[in-house]
Amino acid sequence: MSKQTLPISDVPAPGPRASEACCSPLTREPLGEDRAVELARVFKAMGDPVRLRLLSMIASHHGGEACVCELTGVFDLSGPTISHHLKVLREAGLITGERRGTWVYYRAVPQRLGEVADLLDLTPAT
């Protein structure tokens with residue numbers, strides 16, 4: 001077996017830059033104004049305890065979706081108030097809703113939740 005040394009090159013390796021691979025989007029570079037507004041809307045939606053619980057109930061529900069009829073009885077709030085909270089979550093892109101007859105079934109949006117998780121994940125890439 002030969003012990004050959006390879007020359008050191010300044011040419012970057014293919015793939016993500018080192019700064020991209022090691023850092024979350026939040027610490028890699030400053031957020032632009034539009035992205036900050038978009039993310040603030042998501043965090044504001046998740047910042048309310050009722051909405052955070054609704055999101056968790058929907059995301060963890062058996063089968064990956066929950067009927068609004070299963071969500072309203074859990075809270076000491078009126079139906080219109082629950083509907084408002086669900087609308088805020090929907091507008092933030094955290095859930096989707098599908099009407100089936102008289103009921104609406106909600107699902108969490110994994111891609112959006114993944115974006116939030118990736119943004120906050122400060123674990124260095126390996």
To the closest 0.5 Å, what do you measure between [atom1] ([X]) and [atom2] ([Y])?
X	Y	atom1	atom2	answer
E115	L120	CD	CG	11.5 Å
L52	H85	CG	NE2	12.0 Å
L89	R112	CG	CZ	11.5 Å
L31	L119	CG	CG	6.5 Å
L94	L113	CG	CG	6.0 Å
W103	E70	CH2	CD	9.5 Å

### Message
How close do E65 and H61 get, counting heavy atoms only, and between which atoms?
### Response
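Residues E65 and H61, closest heavy atoms: O-ND1, 2.8 Å.
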
### Task
List the atom of A108, the atom of P110, and the distance in Å for their closest heavy-atom pair.
O-CD, 3.2 Å

Using side-chain heavy atoms (C-beta onward) and a distance below 4.5 Å, is [X] in contact with [Y]?
X	Y	value
I58	L86	yes
L55	M46	yes
V116	F43	yes
L71	M57	yes

### Task
Could I get the full list of side-chain hydrogen bond (donor to acceptor under 3.5 Å, both in side chains) partners for R35, not counting sequence neighbours?
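Result, side-chain hydrogen bond (donor to acceptor under 3.5 Å, both in side chains) vs R35: E38.
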
### Message
Going by side-chain hydrogen bond (donor to acceptor under 3.5 Å, both in side chains), name the residues that satisfy it together with S78, two or more places apart in sequence or in a different chain.
### Response
T81

Check for a donor-acceptor pair, side chain of [X] on one end and backbone N or O of [Y] on the other, with a separation under 3.5 Å.
X	Y	result
R51	A45	yes
R90	Y106	no
S60	S56	yes

#### Entry: side-chain contact (heavy atoms from CB on, under 4.5 Å) between Y105 and V68, worked out
CA-CA 6 Å; Y105 289 79; V68 69; over 6 Å; no

### With R41 via salt bridge (Lys or Arg N to Asp or Glu O under 4.0 Å) - residues at least two apart
E91

